[in-house]
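Here is the structure we will look at.
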2 protein chains.
Amino acid sequence: MSVSAYPLSHRFLLGRARHRLSEHERGVVEGLITDVERFTSAHVVLERGDVVSRSTLLIEGFVARVINEGGRRHIVALHVPGDFVDLHAFALKRLDHSIVSIGPVMVGYTTHKKLEGLMQTEPHLSRMLWFSTLLDAAMHREWIMKLEHLSADGRLAHLIAEIWQRLDFVGLADPGGFPFPLTQQELADSCGTTAIHMNRVVRKLRENGIAEISRGRVTVLDKDALIEAGGFDPSYLYGKGDLMLD
Amino acid sequence: MSVSAYPLSHRFLLGRARHRLSEHERGVVEGLITDVERFTSAHVVLERGDVVSRSTLLIEGFVARVINEGGRRHIVALHVPGDFVDLHAFALKRLDHSIVSIGPVMVGYTTHKKLEGLMQTEPHLSRMLWFSTLLDAAMHREWIMKLEHLSADGRLAHLIAEIWQRLDFVGLADPGGFPFPLTQQELADSCGTTAIHMNRVVRKLRENGIAEISRGRVTVLDKDALIEAGGFDPSYLYGKGDLMLD
DNA sequence: CGATACGTTGATCCATTTCAAGATTGGTGG
DNA sequence: CCACCAATCTTGAAATGGATCAACGTATCG
């Protein structure tokens, strides 16, 4: 498959679908995307409570799913290129959380009307769209588990391991690490801790020779130690293989 | 709708679907369930890693979605009667967590083959099945938020408020409280804390005149204080109305 | 009526929060 | 090109929620 054939959607479900999409289906997905838009960092792409009639595919960059509560911002999920960010809104209509860009992003939109038609004519692809929302739920469960039983150190290690693996699925990781524009505040919001404590945790990861996080990039220094620290087992991502970067 | 017409499935999506199911669809859902089984408490209904070819509807009682990690049991979701517990396995096939009964339960099974047929013939109902898995994901996100920003007290209050609301949707709550068989250990596993600390939190809830948890029942003493303590906003449950028990 | 799970309480220790302040970085306009 | 501003990162010290260790009370059920 050449990348240029599907400039907008070529990362969709890449490496994650048990059943690969056919060329025909890839064409259908590419055809779903009508408008494309770019946003700078910290742009609120969608607001909690919005009633939407289209869904958003993340093409480039990172976005967070955010719930504001008690004057604080809580990141409940992160998305990498190729993810349908609010496909669930096709069935739920109303958003229970906001979508915020982290770093510059490019997104594409498809209308629910188009999805409606797809549901009638493309049963296998429809199932794959469902599959992709179920993957989100599986990741949510792993986050819950991680929040319930890991200390801040472990949570950060787990987060890094997960994003590394997911970026690898879509061809955006390298053996030494990956681009990652989150600030320490945003890492804290993702791990349920404070920015101050996250700063110490980040330092500890560096001092222990596990990973370095700086200037928009994560450099993994010791992959095994990272996996160990986060108790990371990628099977919940339902990827092709269950071994990282192998 | 008479309850006795659909003895197994009459609670499915009750009060939660924006579009009500038609009588025909209710009949289809009821017809999905072939086998019915009863289990005693602490029975492992399904094990993480199982490859399954059927899905499980919870008819009576409570089950937990459990991830064991680091020698500890973590509850990542709870289910009430009427919930499809592992509908996601229809698309994912392999389970990323175990299902464990809490108290005596009755479950029904439907084969993926039957669901397959339903996908072809019942587009609206198919969408409602998808909807129900998306609701699970929305609850997961709220749990993540709750774990990220609430102390143990707030987490317990939030849990109680959520279960109360969900049981009310399916007609199993009363204005004074609801049946709830979780031990303090299981409450701790759900809130990411220890049984010892959960014991103190339970006592505090009682001493503050908010709620009492004992002998398999939650008695809510002060609804407003409970909602306040847990920061509970039921909109993520996508119910008919957004007010509890109104 | 003894076994076994469940609930309760106290004392100590540690991870994390909070408050406070300073250093570094990147971007912007003059 | 430099000065400045704002965001980000960093560090220290004090306060605290929750974990851990240890022990004891209390249901419940064969």
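It should be emphasised that the depicted structure is a prediction, and the values quoted were computed from it without experimental measurement. A note on names: the letters A, B, ... follow the listed sequences, proteins ahead of strands, and every chain is numbered from 1.
One atom, CG of Leu205(B), and another, P of dT8(C), lie 13 Å apart when rounded to the nearest Å. The distance from atom CG of Leu156(A) to atom P of dC9(D) is 13 Å, rounded to the nearest whole Å. Separating the CD1 atom of Ile213(B) from the P atom of dC6(C) is a distance of 16 Å, rounded to the nearest angstrom. Here dT8(C) presents its P atom at 16 Å from NZ of Lys204(B), a figure rounded to the nearest Å. A straight line from CZ of Arg155(B) to C1' of dG18(D) spans 10 Å, rounded to a whole angstrom. In this entry the distance linking CG of Asp189(B) with C1' of dA5(C) reads 15 Å, nearest Å. For Leu182(A) and dA7(D), the CG to P distance is 18 Å, given to the nearest whole Å. Rounded to an integer number of Å, the gap from Glu186(A) CD to dC9(D) C1' is 13 Å.
Distances shown here put every side-chain N or O of Gln185(A) at or beyond 4.0 Å from the OP1 or OP2 atom of dA7(D). Here Asn199(A) does not reach the OP1 or OP2 of dC9(D): none of its side-chain N or O atoms lies under 4.0 Å away. Phosphate contact (OP1/OP2 of dA7(D), side-chain N/O of Gln184(A), threshold under 4.0 Å): absent.
Taking the six-membered ring for Trp and thresholds of 30 and 60 degrees, Phe39(B) and His43(B) have nearly parallel ring planes, at less than 30 degrees apart. Between His140(B) and His140(A), the ring planes are perpendicular. Angles over 60° get that label, and only those under 30° would be called parallel.
Within a 6.0 Å radius of CZ in Arg217(B), other residues, nucleotides and ligands contribute more than 12 heavy atoms. Environment of CD in Glu228(A): sparse, with no more than 12 heavy atoms of neighbouring residues, nucleotides or ligands closer than 6.0 Å.
Nearest nucleotide to the Ala152(B) side chain, out of dT16(C), dG18(D), dT10(D): dG18(D). Here the side chain of Thr183(B) is nearest to one of dC9(D), dG7(C), dT9(C), namely dG7(C).
Here the two rings, on Phe180(A) and Phe62(A), have centers that are under 6.0 Å apart. Between His97(B) and His88(B), the ring center distance clears the sub-6.0 Å criterion.
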Going 5' to 3' through nucleotides 19-27 of chain D, assign each nucleotide B (protein heavy atom under 4.0 Å from a base atom), S (under 4.0 Å only from sugar-phosphate atoms) or - (no protein heavy atom that close). SBBB-----
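For the pair Arg11(A) and Asp83(A), the salt-bridge criterion is not met [side-chain N within less than 4.0 Å of a carboxylate O].
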